[in-house]
*Asks:* 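The following block contains the structure, expressed as structure tokens.
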Amino acid sequence: MENINTEFSPLELDFFEQPTISLAKSLLGCQLVKWTKEGITAGYIVETEAYKGPDDRAAHSFNLRRTARTEVMYHRSGLAYTYQMHTHCLFNVVSGGEGKPEAVLIRAIHPSAGIELMQLRRHSQQSVNLTNGPGKFTKAMHITMEDYGHLLTSSPLYIAAGYKPKSISIGKRIGIDNSGEAVEYPWRFWITGNKYVSRHQKAERIETIE
DNA sequence: ATGGCGATTCTCT
DNA sequence: GAGAATCGCCATG
């Protein structure tokens, strides 16, 4: 048998072709990998949120709103949707398939490679604080608007295999207070007990993985 | 041309 | 827990 290094190999495109809620859970434990000329940074995804426009008032694509910013959400699953929030860049994986504008927001990672580079970029020697928020890990990994529309199956930015979480916690999404009834939807997912999760919140449900 | 505002973060109290 | 920072996007006129 040939010895193949699968540590940082991209997942295939069909991984992204599953329903958005399912994808949001499946992404937990996978690695997010970013290459730059400075080197590699990578981390296990530990927290995600599903956004299901056009019926989801919290989604940028609510009511089929289609602008330059949200355009990529209308294209195929597996593309990167990055956008600017105040001074930060937030990162989503497009899902739903062509013409169905849905996405999974990645909210936190647990570093697996390139921690020194992350510390340099974040001007911080701390560990957990480096990547425990949606604007934090993007800075640590140098994910920017340049990555908008990039297909996440190849360098410089892609999803790779990781580990299978033992338990997934489920709760309400963060920071969408003005979104009417959508505030209540249980579309936030995190690896139970993981210390890189951005905020403490009581889980509405906990799923154990077989 | 302009004004409101946000899927955030940091630094205080 | 509150307030500021700070800036691009997008809807209006």
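Only this structure's heavy atoms are used, side chains among them; waters, hydrogens and symmetry mates stay out. Each chain gets a letter, A, B and so on, in the order the sequences are listed, and its residues count up from 1.
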*Asks:* Between Gly171(A) and Trp190(A), which heavy-atom pair has the shortest distance, and what is it?
*Replies:*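 Where Gly171(A) meets Trp190(A) most closely, the heavy atoms are N-CZ3, 3.6 Å.
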*Asks:* Looking at dA7(B), dT9(B), dC10(C), which one has an atom nearest to any side-chain atom of Tyr83(A)?
*Replies:*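 Nearest to the side-chain atoms of Tyr83(A), counting from C-beta on, is dA7(B).
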*Asks:* Decide side chain to side chain donor-acceptor pair (under 3.5 Å) for Glu146(A) and His150(A); before the verdict, give the C-alpha distance in whole Å, the side-chain angles of both, and the deciding distance to 0.1 Å.
*Replies:* CA-CA 8 Å; Glu146(A) 303 258 306; His150(A) 173 73; over 6 Å; no
*Asks:* Quickly work out the His123(A) NE2 to dT9(B) C1' distance and round it to whole Å.
*Replies:*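 The answer, rounded to whole Å, is 14 Å.
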*Asks:* In Å and rounded to the nearest 0.5 Å, what is the CH2 to CG distance from Trp187(A) to Leu105(A)?
*Replies:*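 Separation between the atoms: 14.0 Å.
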*Asks:* Side chain of Arg65(A) only, please: which of dT8(B), dC10(C), dC10(B) is the nearest?
*Replies:*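 It is dC10(C).
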*Asks:* Can you check whether Arg69(A) has a side-chain N or O nearer than 4.0 Å to OP1 or OP2 of dC10(C)?
*Replies:*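 Affirmative; the distance criterion is met.
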*Asks:* Just how far, in rounded Å, is C1' of dC10(B) from NZ of Lys139(A)?
*Replies:*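 Result: 11 Å.
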*Asks:* How would you label the contact of Leu90(A) with the nucleic acid (heavy atoms, under 4.0 Å): base, sugar-phosphate, or nothing?
*Replies:*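 The residue Leu90(A) makes sugar-phosphate contact but no base contact.
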*Asks:* Under 4.0 Å: is that the gap between some side-chain N or O of His60(A) and OP1 or OP2 of dA7(B)?
*Replies:*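 Yes, His60(A) has a side-chain N/O under 4.0 Å of OP1/OP2 on dA7(B).
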*Asks:* Quick check for you: among dT8(B), dC10(B), dA7(B), whose closest atom lies nearest to any side-chain atom of Ile176(A)?
*Replies:*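 Within the option list, the nearest is dA7(B).
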*Asks:* Whole-Å distance between dT8(B) P and Glu49(A) CD?
*Replies:*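 It works out to 8 Å between those atoms.
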*Asks:* Tell me: OH of Tyr81(A) to P of dC9(C), nearest whole Å?
*Replies:*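 Computing the Tyr81(A):OH to dC9(C):P distance gives 10 Å.
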*Asks:* Would you kindly say whether Trp35(A) and Tyr158(A) are connected by a side-chain donor-acceptor distance under 3.5 Å?
*Replies:*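 Distance-only check passes for Trp35(A) and Tyr158(A).
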*Asks:* Does Arg57(A) count as lying over the ring of Tyr185(A), i.e. NZ or CZ under 6.0 Å from the six-ring centre, within 45 degrees of the axis?
*Replies:*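 No, Arg57(A) does not sit over the ring of Tyr185(A).
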*Asks:* Do we see His88(A) stacking on the base of dT8(B), given a limit of 5.5 Å between centres and 30° between planes?
*Replies:*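 The ring of His88(A) is not stacked on dT8(B).
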*Asks:* How far apart are the closest heavy atoms of Ala182(A) and Ala58(A), and which atoms are they?
*Replies:*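 Shortest heavy-atom contact: CB-N, 4.0 Å.
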*Asks:* How close or far is atom P of dT6(C) from atom CD of Gln84(A), stated in whole angstroms?
*Replies:*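 From Gln84(A) CD to dT6(C) P: 14 Å.
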*Asks:* Could you summarise the pairing of DNA chain C as dot-bracket text, marking Watson-Crick and G-U pairs under 3.5 Å with ( ) or [ ] inside the strand and | across strands?
*Replies:* |||||.||||||.
*Asks:* Apply side-chain contact (heavy atoms from CB on, under 4.5 Å) to Tyr163(A) and list each qualifying residue two or more places apart in sequence or on a separate chain.
*Replies:*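 In terms of side-chain contact (heavy atoms from CB on, under 4.5 Å), with neighbours along the sequence ignored, Tyr163(A) is linked to Tyr44(A), Ile191(A), Asn194(A).
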*Asks:* Taking only N and O in the side chain of Arg188(A), is any of them less than 4.0 Å away from OP1 or OP2 of dA7(B)?
*Replies:*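 Negative; the distance criterion is not met.
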*Asks:* Among the candidates dA5(C), dA7(B), dA11(C), find the nucleotide nearest to the side-chain atoms of Thr67(A).
*Replies:*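 In terms of side-chain proximity for Thr67(A), the closest of dA5(C), dA7(B), dA11(C) is dA11(C).
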*Asks:* Can you tell me the distance, in whole Å, between the CG atom of Leu130(A) and the P atom of dT9(B)?
*Replies:*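 Between P of dT9(B) and CG of Leu130(A): 13 Å.
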*Asks:* Looking at side-chain heavy atoms only, is the closest gap between Tyr83(A) and Asn92(A) below 4.5 Å?
*Replies:*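 Yes, their side chains come closer than 4.5 Å.
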*Asks:* Taking atom P of dA7(B) as reference, at what distance in whole Å does atom CZ of Arg199(A) sit?
*Replies:*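 Arg199(A) atom CZ is separated from dA7(B) atom P by 12 Å.
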*Asks:* Using the C1' atom on both, measure dG3(C) against dC5(B) and round to a whole Å.
*Replies:*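 16 Å, rounded to whole Å.
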*Asks:* Starting at the 5' end of DNA chain B and moving along, which residue's nearest nucleotide shows up first, Lys136(A) or Gly175(A)?
*Replies:*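 Between the two, 5'-proximity favours Gly175(A).
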*Asks:* Please figure out whether Met145(A) or Thr87(A) has its closest DNA chain C nucleotide nearer the 5' end.
*Replies:*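 Closer to the 5' end of DNA chain C: Thr87(A).
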*Asks:* Report yes if a side-chain nitrogen or oxygen of Arg122(A) is closer than 4.0 Å to either non-bridging phosphate oxygen (OP1 or OP2) of dC10(B); otherwise report no.
*Replies:*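 Affirmative; the distance criterion is met.
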*Asks:* Looking at dT9(B), dT6(C), dA7(B), which one has an atom nearest to any side-chain atom of Met85(A)?
*Replies:*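 Of dT9(B), dT6(C), dA7(B), dA7(B) is nearest to the side chain of Met85(A).
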*Asks:* Which whole-number value in Å describes the distance from His86(A) NE2 to dC9(C) P?
*Replies:*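 His86(A) atom NE2 is separated from dC9(C) atom P by 14 Å.
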